[in-house]
Amino acid sequence: MALRVYDTRSRSKREFISIVSGKVSLYACGITPYSPSHLGHARQAIAFDVITRWLRHSGYDVNYVTNFTDIDDKIINVANAEGVDFSIVAERNIADYYEVMDAMNVLRADDYPRVTGTIPEIIEMIEQLVEKGHAYVEDDGVYFEIDTAPEKYGQLTGQTLDMVRAGAGGRVDGTGSGKRDHRDFALWKLAKSGEPSWESPWGQGRPGWHIECSAMSLKHLGETFDIHGGGSDLLFPHHEAEIFQSECCLGIEPVVKYWIHNGMINVDGEKMSKSLGNFWTIRDTFEHVSPLELRYSLLNAPYRQPVEFNMAMLEESQKHYQRMIAIYGKALVATGSGDWNGFSTLEAAAENFIAGMNDDFNTRTAMVEVQSIVRELQSLFADNNDDNFIAAGVGWLTEFAGEILGLLPDEETTRSMVAEDNTARTELEMIVEPLLVERSLARDSKNWARADEIRNELSALGVKVKDGPDGPVWELK
RNA sequence: GCACGGGUGGCAGAGUAGUUAUGCAGUGGACUGCAAAUCCAUGUACCUGGGUGCAAAUCCCGGCCUGUGCUCCA
């Protein structure tokens with residue numbers, strides 16, 4: 001079945017056909033590292049991680065590039081407040097980004113270009129825009145002139161020039177900006193004293209916000225590429241500005257074949273943002289759930305939908321995740337991992353999973369199939385039969401929940417996790433077993449108070465007792 | 001105000017024309033001294049007003065509600 005993706009520019013799902021057969025070039029707008037990464041960053045990174053994994057699983061050779069905007073006003077402000085160089089702030093937060101993303105099983109992109117490593121290419125692009133008459137130089141910087149390509153306005157948001165023109169129009173007053181029109185945007189900003197800056201034909205300064213992505217995508221992916229992604233809050237003005245810059249500079253339309261935008265994380269119905277004080281960093285969230293539990297919760301909705309984030313949804317995901325990893329680990333150790341082909345239940349689940357992913361990367365549909373296999377395995381495992389099917393189910397989970405959705409540690413890691421649990425179990429056995437014997441005697445004589453007391457003692461040791469038909473079994477919490 | 005999304009059961013959240021979503025919670029049952037886990041069964045739904053169709057949660061038009069964006073910066 002063919003892959004269909006929702007393209008923001010055409011506002012419809014379109015069949016995905018890459019520019020070069022068998023290859024996909026993908027650029028996703030990354031972060032501005034001025035503070036530790038928050039859940040919005042996690043959602044974006046995980047969304048494009050899964051998109052990349054799916055494209056690769058579908059047989060494409062993917063070149064995935066995502067950037068760090070490592071110089072901007074917010075970084076400068078933080079650096080000034082701390083009395084350090086801006087690069088210290090950027091490096092610290094980039095390190096944080098890698099660490100939390102690695103923990104959540106986000107595979108590394110093929111390249112992580114930085115603005116500060118792309119200055120010559122940015123300057124060259126601006127020079128071309130000036131030469132072609134799309135940009136003008138003022139005494140505080142270089143600006144892109146919207147009126148030189150009015151037909152490109154509103155390509156992603158549907159807004160027209162007149163709509164925005166109605167707001168102000170003409171030269172902007174009182175902003176200290178040299179813009180000739182309030183819809184123009186900065187390509188190069190000349191440095192004020194004390195600001196970090198780079199040499200350019202127009203003087204010491206730094207790039208405007210939008211130009212870096214045009215320059216980096218051109219440098220790493222070429223004049224046209226398949227997919228450009230990012231958060232939906234970047235649609236305007238950032239991505240529309242990129243269309244102006246790239247297409248006017250290169251004289252190509254379109255430069256980007258498919259635009260893909262992920263939805264926001266909401267708290268109490270509103271976008272998570274620092275100004276509203278409803279902000280969760282990724283590390284804050286790790287205080288409550290494990291990195292892969294968080295990943296699970298963020299894949300539980302399709303990437304374009306807003307995610308309503310709260311403790312209840314987090315705890316629900318945690319419960320589902322723990323059930324999945326528990327049966328996966330137990331079954332893996334018990335039966336090993338096998339080929340799922342030839343088992344009709346597993347083939348049907350695979351078919352639905354694939355259909356879901358091919359329908360604009362619908363991870364929600366995919367997760368429903370994962371859940372159904374988890375239930376299937378629990379049921380069979382409880383009956384303790386059909387090892388071949390259980391092994392095949394484990395293989396299915398390894399491929400779909402593990403390799404594609406990135407929700408499971410690899411089989412080797414899972415085995416060693418189970419082994420560690422067993423080791424801890426063995427160490428506790430000498431304490432637990434005698435207590436369980438005593439409790440069984442208490443239960444036999446219907447001394448429920450003593451039986452419950454012992455169960456509470458064991459609970460305090462981190463041991464959970466379950467009374468089954470064949471006597472008590474216990475596990476580590 | 002304008003642009004672009006979304007409005008589904010107690011909650012989360014799929015589903016673009018006719019067929020059970022799924023999960024959590026609830027209820028009944030198995031197992032159980034109780035609990036937990038697991039299993040089986042089960043009720044509750046498609047914002048509103050029109051329209052098209054044999055048939056609409058699903059397509060079209062209006063309304064209402066809600067999210068994001070609307071350029072100092074991000």
Side-chain angles (χ1 to χ4, degrees), chain A residues 6 8 11 13 29 31-32 34-35 69 72-77 143-144 146 153-154 156-160 162-164 166-168 172 174-177 179 181-186 189 208-210 231-241 261 263-266 268-271 273-275 297 300-302 304-310 312-317 319-320 323 326-327 352 356 359 362-372 374-375 378-383 442-449 451-452 455-456 459 464-470 472-475 477:
Chain A
Y6 184 89
T8 312
R11 279 179 222 109
K13 285 182 192 172
C29 282
I31 63 160
T32 300
Y34 71 99
S35 66
T69 301
D72 98 321
D73 283 0
K74 287 187 173 177
I75 294 173
I76 293 170
N77 289 343
Y143 294 91
F144 188 94
I146 291 287
Y153 211 81
L156 298 178
T157 59
Q159 301 178 103
T160 66
D162 289 340
M163 275 175 206
V164 185
V172 179
T175 63
S177 165
K179 282 183 191 180
D181 186 294
H182 75 290
R183 296 158 304 174
D184 293 348
F185 54 87
K189 293 152 71 156
W209 174 27
H210 316 296
S232 61
D233 56 345
L234 297 179
L235 279 167
F236 189 93
H238 186 237
H239 287 163
E240 290 206 357
H261 292 93
M264 300 290 98
I265 302 262
N266 287 173
D268 296 329
E270 283 183 301
K271 178 183 167 185
S273 70
K274 263 193 169 168
S275 56
S297 75
N300 218 195
R304 284 192 291 136
Q305 298 301 121
V307 166
E308 182 64 32
F309 187 84
N310 53 51
M313 70 80 93
L314 207 54
E315 283 166 5
E316 187 176 323
S317 291
K319 194 189 291 185
H320 292 172
R323 188 160 56 186
I327 190 66
N352 291 338
D359 181 15
N362 191 333
T363 53
R364 176 70 193 194
T365 303
M367 300 260 283
V368 167
E369 296 307 318
V370 171
Q371 287 172 358
S372 81
V374 167
R375 279 170 73 88
Q378 280 183 148
S379 178
L380 286 174
F381 201 77
D383 293 344
R443 293 182 73 213
D444 287 345
S445 58
K446 301 199 188 299
N447 183 355
W448 308 130
D452 290 347
R455 188 164 62 198
N456 289 337
S459 179
K464 187 187 224 175
V465 180
K466 301 175 189 174
D467 296 313
D470 306 322
V473 293
W474 60 282
E475 61 187 35
K477 281 195 275 197

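Convention: sequence-line order gives letters A, B, ...; per-chain numbering from 1. Since we're looking at a predicted model, the values are computed, not measured.
- Interface remark: the Arg364(A) side chain does not form any donor-acceptor pair with the G13(B) base, using a distance-only criterion of under 3.5 Å.
- The shortest distance between the side-chain N/O atoms of Gln159(A) and the OP1/OP2 oxygens of G69(B) is not below 4.0 Å.
- Ring stacking holds between Trp448(A) and G33(B), with the centres under 5.5 Å apart and the planes within 30 degrees of each other.
- Considering only side-chain N and O atoms, Arg375(A) lies under 4.0 angstrom from the phosphate OP1 or OP2 of C40(B).
- Applying the side chain to side chain donor-acceptor pair (under 3.5 Å) rule to Lys466(A) yields the partners Glu475(A); only residues at least two apart in sequence or on another chain are considered.
- A donor and an acceptor atom never sit less than 3.5 Å apart when one is taken from the side chain of Arg11(A) and the other from the base of C4(B).
- Between Arg183(A) and Asp181(A), at least one side-chain N (NZ, or NE/NH1/NH2) sits under 4.0 Å from a carboxylate O, which counts as a salt bridge.
- Comparing atom distances between the Phe236(A) side chain and each of A14(B), C70(B), C34(B) picks out C70(B) as nearest.
- Summary of the strand contacts: Leu156(A) and Val307(A) both lie near RNA chain B, and taking for each the nucleotide with the nearest heavy atom, the more 5' one is attributed to Leu156(A).
- For Asn300(A) against G23(B), no side-chain N or O and base N or O form a donor-acceptor pair under 3.5 Å.
- Anti is the glycosidic conformation of G50(B), whose angle departs from 0 by more than 90°.
- Judged by atom type and distance alone, Asp72(A) does not reach the base of C73(B) through any side-chain donor-acceptor pair under 3.5 Å.
- Using the Watson-Crick or G-U wobble rule with both distances under 3.5 Å, G23(B) pairs with C11(B).
- Using Watson-Crick or G-U wobble geometry with both donor-acceptor distances under 3.5 Å, G62(B) finds its partner in U48(B).
- In this structure, Lys319(A) reaches the A25(B) phosphate: one of its side-chain N or O atoms is under 4.0 Å from OP1 or OP2.
- The partner of G69(B) is C2(B), judged by Watson-Crick or G-U wobble contacts that both fall below 3.5 Å.
- Residues passing the side chain to side chain donor-acceptor pair (under 3.5 Å) test with His210(A): none are found, sequence neighbours excluded.
- Checking Asn362(A) against Lys446(A), the closest nucleotide of RNA chain B that is more toward the 5' end is the one next to Asn362(A).
- OP1 and OP2 of A35(B) both lie 4.0 Å or more from every side-chain N or O belonging to Arg443(A).
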